[in-house]
Amino acid sequence: MGQVTNDDLQLQLQREVAIALIALYPTTFSDHSMAQQLISLDRPKDVGHGDFASSIALALSKKLAKRPIEVAQEIKGYLEKSDTASIFLEKIEVAGPGFINFYLNSKSQSNLILEILHSKENYGSSDLLQGEKINLEFVSANPTGPLHLGHTRWAALGDSLARILRSQGAQVASEFYINDRGVQMDLFGQSLQAAALNQPIPEDGYHGEYISDLAKEILEKNPDILKLSPADQVIEFRDLGYQLQLQEQKNVLENFRTSFDIWFSEKSLYENDEFEQALARLKAQGHVYIQEGATWLRTTDFGDDKDRVIMKSDGSLAYFASDCAYYDSKRERGFTINIYLLGADHHGYVGRLKAIAAARGDDPDKNIEILIGQLVKIMEAGVEVKLSKRAGTIITLSELVEKVGVDAARYTLLRYPSETPMVLDVDLLRKRTNENPVYYVQYAHARIFQILKSAKDLKIDFTNGNFDLLNQEVEKNLISKLAAFREVVKSSAQLREPHRVPRYVEELAAAFHRFYTECRILPQGDELVNDLHRTRLILANATMQIIKNGLDLLGVSAPERM
RNA sequence: GCGCCCGUAGCUCAGUCGGAUAGAGCGAAUGCCUUCUAAGCAUUAGGUCGCAGGUUCGAUUCCUGCCGGGCGCGCCA
C-alpha cells in the first residue's frame, strides 16, 4: 500500500470497522456497503477523545441485544488484531457509554503535515464538484442608488461561496443581474431631472442626497441636456445616471474584493428575443393561459401560492417576465446548478422561481438553489438604526468599509450562517477594531510568519523533523485541527455555508496560540538546534499555510506582520 | 389568516448524520512578558438550550402544539 493521505483515513477506518462488524456479527451484517454506511465516524470536539470517534456500538446495542460497552470492546479487540488498521492507528479506546475513540499514529500525522507543505495553496482543494457548472447570482441591486448594508452581506457571502465552490473543482460563474429596465429606472430618471431643475422629486421617486449630487454631476458633464424636451431629458438623465451609478457600484464592489464574471443586463433579455423564446417554450409546454386580458404562468401547478402574471392586461410586462427569461438564459448558457442569493425580504420568490424551473421541465430541487440571506440590523449608540432611504439613515457598503476596513467587514459578515439575522454593533466595530475575531486569526498568521523569518535568519533548516517528538497535548490538538481543514471546506461547499470556514480558522488560530504559549519553537540563547525545534517549525509552517488558505477562501488578507 | 426564518451565557452568536461534562468572542474578576509578536495565554463567574408534549438507549438537534420576534403574501419592482 502506498502513502495514505489523511483524506482517505476516515474512509479507510470506516472500511476497517465494517470488516470487523461483518466478522463479529455475521448474522446481522452480510453486506459490506450496508455495514459501512451505518458507521458514524466523526472528529470529536475534545482531543481527549481521539482523532476519530464512533458511536456505532451505542447504535447497535439494541439490535445485537448486548450492552454498548460490550459491543465496543469486541470491535476494539478485532481491530487491534488487524494488520491494515495498525498501519495508521496508534491506539483504540472505549470510553463513556460505549464510544470507540481512534488515535492516529505519528506516521499518519507527519504525512498530513508534509502534504500540506507540499500542496501549499492548493491544500484543501478537491475534485468533489468536478464537472458542475454553477451560476451564482448575488447582489443584483438596482442601478439606482448606492449599495447598502444588505448588499454588503450578500457580496461577502456570494464572493466567498464562489471561491469555496471553485476550490472543490466546480466551474462557477458569479453573476450580477442588473435591473436596468422598468418603472424603477423611469422613476430614477424623473428624480434626477427634478433634482437638476430644483423641482420637487416625485413622491415615489428616489430621494437621497446622492440624487442631487448625481444630478449635478450629470449637468456639469452634459450641459446641453437642458436643451432637450422634458420627456427626452428624463431618458437622458436616466441613462447617464444609470451609467454613473453602475460604475460606482462596480468600483465599490471591486474595492470590497468582490468580483463578478458576468454583469447581466435585464434589458438585454428583450433586445435579443430571449424573452420571446422563453415565453414560447412555456406556452408550448402548456403552462401559460390568458385571463382578464393578462398572460399568466400557472405556477400553482408546481407548488407556488398563486399563479403569476407575465404580461399585464395593458400589454406591459410584469417583473416576473424577466425572471422567466432570465432563468431560461442561465439554462441556455449551460448552467446546471443555478444559485440565487436572495434577501429575506424576497423569500416569497422561492415558490415562483422553483415553479419556473419545474414548468420548463427542469428539476427544481436540482437546477435551482435559493439561499436566503437574513437582513442585517445595525446598532449604534446602543439603539437600533432604522434603515430608511428617505431619512438618509441607510448605511452603505462603502461607509461600512470606511469605518472598519475591508478585512473586518468581510470577515464579520461571513462569520454567521446566511439564514441567521445578524446585528452589527457599529460602535464596537468602529471603536474596538482590535477585538474583532479577524485580528485574532490574522495575528496568528503574522506571528508564525515572523517566527519562520527568524528561523531563516538563523539559517535553521527545517525541512525534516521527527513527529514522534510532538507528544504534548497542545501539539496534538493543533495537528488534529489541521487535519480537519479539508472536511470543513468540503462541507462548506456542499452545504453552501461559507461561515464554516471562519469558525474553523478561529479554532485553528486558538490551537496555535495555545501551542505557542506552551511550546518554545525557536532555540533560546546558545541552545543548539535540535529535532524538536525543527519539527515545531514544520508544524508552525503548516499551520500558517492553512490559515492563509482559509482566509483566501474568505477574501481576507493574511498579513505578514501586525 | 397563510408561508419562510429566528428564539442557546449580561451582549453578539456557533453547535454537521440525534451522542460524551452545551461552546466561542465581547463584557466582568484574577493571574502570566529579562528569551520566538501580550492584537496572546491561563483560571473564575455566568445556562430551566422560548414553553409543553411525543419519538429513543440518548434530543439544543427530529415530530406536534403553543408563546415571542423578523420578513413575505399586488396585473409593484
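Below, chain A is the first sequence line, B the second, and so on; all start at residue 1.
Within 4.0 Å of A:Ala446, counting heavy atoms only, lies at least one base atom of the nucleic acid. No engagement by A:Asp307 is indicated, since no non-hydrogen atom pair under 4.0 Å with the nucleic acid exists. Contacts of A:Arg503 with the nucleic acid, taken as non-hydrogen atoms under 4.0 Å apart, involve only primed sugar atoms and P, OP1 or OP2. At the heavy-atom level, A:Leu458 lies nowhere under 4.0 Å from the strands shown. Counting any heavy atom pair closer than 4.0 Å across all strands shown, A:Arg352 reaches a base atom. Residue A:Ala455 is classed as having no contact, given no heavy-atom separation below 4.0 Å to the nucleic acid. Residue-level contact check: A:Met422 touches the backbone only, with heavy atoms under 4.0 Å from sugar-phosphate atoms and none from bases. In this structure, A:Glu419 reaches the sugar-phosphate backbone alone: every heavy-atom distance under 4.0 Å involves primed, P, OP1 or OP2 atoms, never a base. Residue A:Pro523 is out of contact with every strand shown, counting any heavy-atom pair closer than 4.0 Å.
When both pairing distances are held under 3.5 Å, B:G27 makes no Watson-Crick or G-U pair with any nucleotide shown. Base pairing annotation: B:A22 forms no Watson-Crick or G-U wobble pair, as no partner gives both donor-acceptor distances under 3.5 Å. Taking a pair to require two hydrogen-bonding distances under 3.5 Å in either a Watson-Crick or a G-U wobble arrangement, B:A14 remains unpaired. Under the Watson-Crick and G-U wobble criteria, each requiring two contacts below 3.5 Å, nucleotide B:C76 is left unpaired. Across all strands shown, the partner of B:G3 is B:C71, judged by Watson-Crick or G-U wobble contacts whose two distances both fall under 3.5 Å. B:A45 makes up no base pair with any nucleotide shown, lacking Watson-Crick or G-U wobble contacts both under 3.5 Å. B:G65 is paired with B:C51 under the criterion used here, namely a Watson-Crick or G-U wobble arrangement in which both key atom distances are under 3.5 Å.
In this pair, A:Tyr416 does not lay its aromatic ring on the base of B:C13; centres under 5.5 Å and planes under 30 degrees do not both hold. By the 5.5 Å and 30° criteria, A:Tyr443 is not stacked with the base of B:G40.
At a cut-off of 3.5 angstrom, the base of B:G3 holds at least one donor-acceptor pair with the side chain of A:His347. Between the base of B:C36 and the side chain of A:Ser454 there is no donor-acceptor pair shorter than 3.5 Å. Residue A:Glu292 places a side-chain atom within donor-acceptor reach of the base of B:C75, judged by atom type and a 3.5 Å distance cut-off alone.
Ring pair A:Tyr326/A:Phe264 is tilted by interplanar angle, where 30° to 60° counts as tilted.
Contact check for A:Tyr504 versus A:Phe485: side-chain heavy atoms found under the 4.5 Å cut-off. Side-chain contact between A:Arg153 and A:Tyr416 is present, with heavy atoms from C-beta onward closer than 4.5 Å.
Which of B:C75, B:U37, B:G19 sits closest to the side chain of A:Ser313 comes down to B:C75. If you check B:A39, B:C5, B:C13 against the side chain of A:Thr420, the one that comes closest is B:C13.
Within the 4.0 Å cut-off from OP1 or OP2 of B:A38, at least one side-chain nitrogen or oxygen of A:Arg447 is found. Distances shorter than 4.0 Å separate some side-chain N or O of A:Lys306 from OP1 or OP2 on B:G74. Here A:Tyr440 does not reach the OP1 or OP2 of B:C26: none of its side-chain N or O atoms lies under 4.0 Å away. Listed pair A:Lys62 / B:G58 fails the phosphate criterion, with no side-chain N or O lying under 4.0 Å from OP1 or OP2.
Aromatic ring centres of A:His513 and A:Tyr440: separated by under 6.0 Å. A ring-centre distance under 6.0 Å is not found for A:Phe462 and A:His533. Here A:Trp154 and A:Phe138 keep their ring centres 6.0 angstrom or further from each other.
Seen from the ring of A:Tyr270, A:Arg181 counts as a face-on cation partner, given the 6.0 Å and 45° thresholds.
Across the interface with RNA chain B, nearest-nucleotide mapping of A:Asp305 and A:Ala509 shows A:Ala509 to be the residue nearer the 5′ end. Both A:Gly525 and A:Gln291 lie close to RNA chain B; mapped to their nearest nucleotides by heavy-atom distance, the more 5′-ward contact belongs to A:Gly525.
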